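Because the structure is a prediction, the values reported are computed rather than measured.
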Amino acid sequence: MNTKKVGSCLCGEIRFEIEGNFESFYLCHCGRCRKDTGSAHAANLFSTTATLKWVSGKDKVKIFTLPSTQHTKCFCSICGSALPNHQMEGKLLVVPAGSLDGDLPVRPDAHIFVSNRADWDKDLEKIPMLEDSPK
């Protein structure tokens, strides 16, 4: 995928652009990513060549790195939405897939750290699917 993608946080205070290719797209089930997202897994795109440009709200971007680890979360200080961040001393751009606006024309490459998967995260495709919220 070699196109410009735009993204934003939930409250709209932060906007960004990503230009370049994503080499991989993983759904990570490790305990840190589950805790970080409050969900079954994180969904992150990875690039060693893409560029990140903050269009607005850069002053509202916060970064948290879990002490003694490489686990980093970048987020909006107002609404808490996950945002892109540079890792590995700037060599790797990590982009939460849900932070991008519009459709994403790629599918995940793999589920990773499935041995750490939540016990309730099995056979989810068998659970009823509703088009809207339950009435």
> Taking all atoms of both residues into account, what is the closest heavy-atom pair of Gly57 and Ile14, and its distance?
Replying inline: O-CG1, 3.5 Å
> When rounded to the nearest 0.5 angstrom, what distance separates OG in Ser47 from NZ in Lys91?
Replying inline: 15.0 Å
> Looking at Thr65, Ile63, Val95, which hits side chain to side chain contact (heavy atoms under 4.5 Å, CB included) with Cys74?
Replying inline: Ile63
> Mind checking whether Val106 and Leu100 sit in one hydrophobic cluster, side chains of I, L, V, M, F, W, Y counted as touching below 4.5 Å?
Replying inline: yes
> side-chain hydrogen bond (donor to acceptor under 3.5 Å, both in side chains) between His111 and His41: does it pass, once the steps are laid out?
Replying inline: CA-CA 9 Å; His111 288 267; His41 56 75; 5.3 Å; no
>> In this structure, would Phe25 and Val94 fall into the same cluster of hydrophobic residues linked by side-chain contacts under 4.5 Å?
In response: no
> Between Ala118 and Arg34, which heavy-atom pair has the shortest distance, and what is it?
Replying inline: CB-NH1, 3.6 Å
> Does the side chain of Gln87 pick up a donor-acceptor pair with the side chain of Asn85 at under 3.5 Å?
Replying inline: yes
> Taking the inter-plane angle between the rings of Trp54 and Phe16 on a 0 to 90° scale, is it parallel (under 30°), tilted (30 to 60°) or perpendicular (over 60°)?
Replying inline: perpendicular
> At what distance, to the nearest 0.5 angstrom, does CD1 of Ile18 lie from CG of Asn21?
Replying inline: 12.5 Å
>> Count I, L, V, M, F, W, Y as connected when their side-chain heavy atoms are under 4.5 Å apart, and connections chain through other members. Are Val55 and Leu52 then in the same cluster?
In response: no
> With Glu19, which of Thr3, Thr49, Thr51 fulfils side chain to side chain contact (heavy atoms under 4.5 Å, CB included)?
Replying inline: Thr51
> Measuring from Asp59:CG to Ser77:OG, what's the distance to the nearest 0.5 Å?
Replying inline: 7.5 Å
> Same cluster or not: are Leu104 and Phe46 linked, directly or through other Ile, Leu, Val, Met, Phe, Trp or Tyr residues, by side-chain heavy atoms under 4.5 angstrom apart?
Replying inline: no
> Within the distance-only criterion (no hydrogens, no angle test), does the side chain of Arg117 pair as donor or acceptor with the backbone N or O of Ile112 below 3.5 angstrom?
Replying inline: no
>> Counting C-beta onward and ignoring hydrogens, is there a side-chain heavy-atom pair between Pro84 and Ser99 closer than 4.5 Å?
In response: yes
> Can you tell me how far SG of Cys9 sits from CD1 of Ile78, rounded to the nearest 0.5 angstrom?
Replying inline: 7.0 Å
> Leu83 and Cys76: side-chain contact (heavy atoms from CB on, under 4.5 Å), yes or no, with the steps?
Replying inline: CA-CA 7 Å; Leu83 297 168; Cys76 173; 4.3 Å; yes
> Do Phe75 and Leu66 belong together in a cluster built from hydrophobic side chains that touch within less than 4.5 Å?
Replying inline: yes
> Would Ser56 and Glu13 satisfy side-chain hydrogen bond (donor to acceptor under 3.5 Å, both in side chains), going step by step from the backbone distance to the final call?
Replying inline: CA-CA 7 Å; Ser56 65; Glu13 287 292 315; over 6 Å; no
> Can Asp101 and Arg15 be counted as an ion pair, charged N to O under 4.0 angstrom?
Replying inline: yes
> Is there a side-chain contact (heavy atoms from CB on, under 4.5 Å) between His71 and Cys33 once you walk through the steps?
Replying inline: CA-CA 8 Å; His71 187 88; Cys33 283; 3.8 Å; yes
>> Under the criterion side-chain contact (heavy atoms from CB on, under 4.5 Å), I'd like the reasoning laid out for Tyr26 against Asn44: C-alpha separation, chi angles, the key distance, then a yes or no.
In response: CA-CA 6 Å; Tyr26 293 119; Asn44 289 311; over 6 Å; no
> Just wondering, are more than 12 heavy atoms of other shown residues or ligands nearer than 6.0 Å to CD in Glu125?
Replying inline: yes
> Shortest non-hydrogen contact from Ser39 to Trp120?
Replying inline: C-CH2, 4.2 Å
> Which atom pair, heavy atoms only, marks the closest approach of Glu17 to Val6?
Replying inline: CG-CG1, 4.0 Å
> So, do His29 and Asp121 sit near enough that their side-chain heavy atoms are less than 4.5 Å apart?
Replying inline: yes
>> Between Ser81 (side chain only) and Leu10 (backbone N and O only), is there a donor and an acceptor less than 3.5 Å apart?
In response: yes
>> With a 4.0 Å cut-off on N to O distance, would you call Arg32 and Asp36 a salt bridge?
In response: no
> If you measure from NE2 on His86 to CG on Leu93, what distance do you get to the nearest 0.5 Å?
Replying inline: 4.5 Å
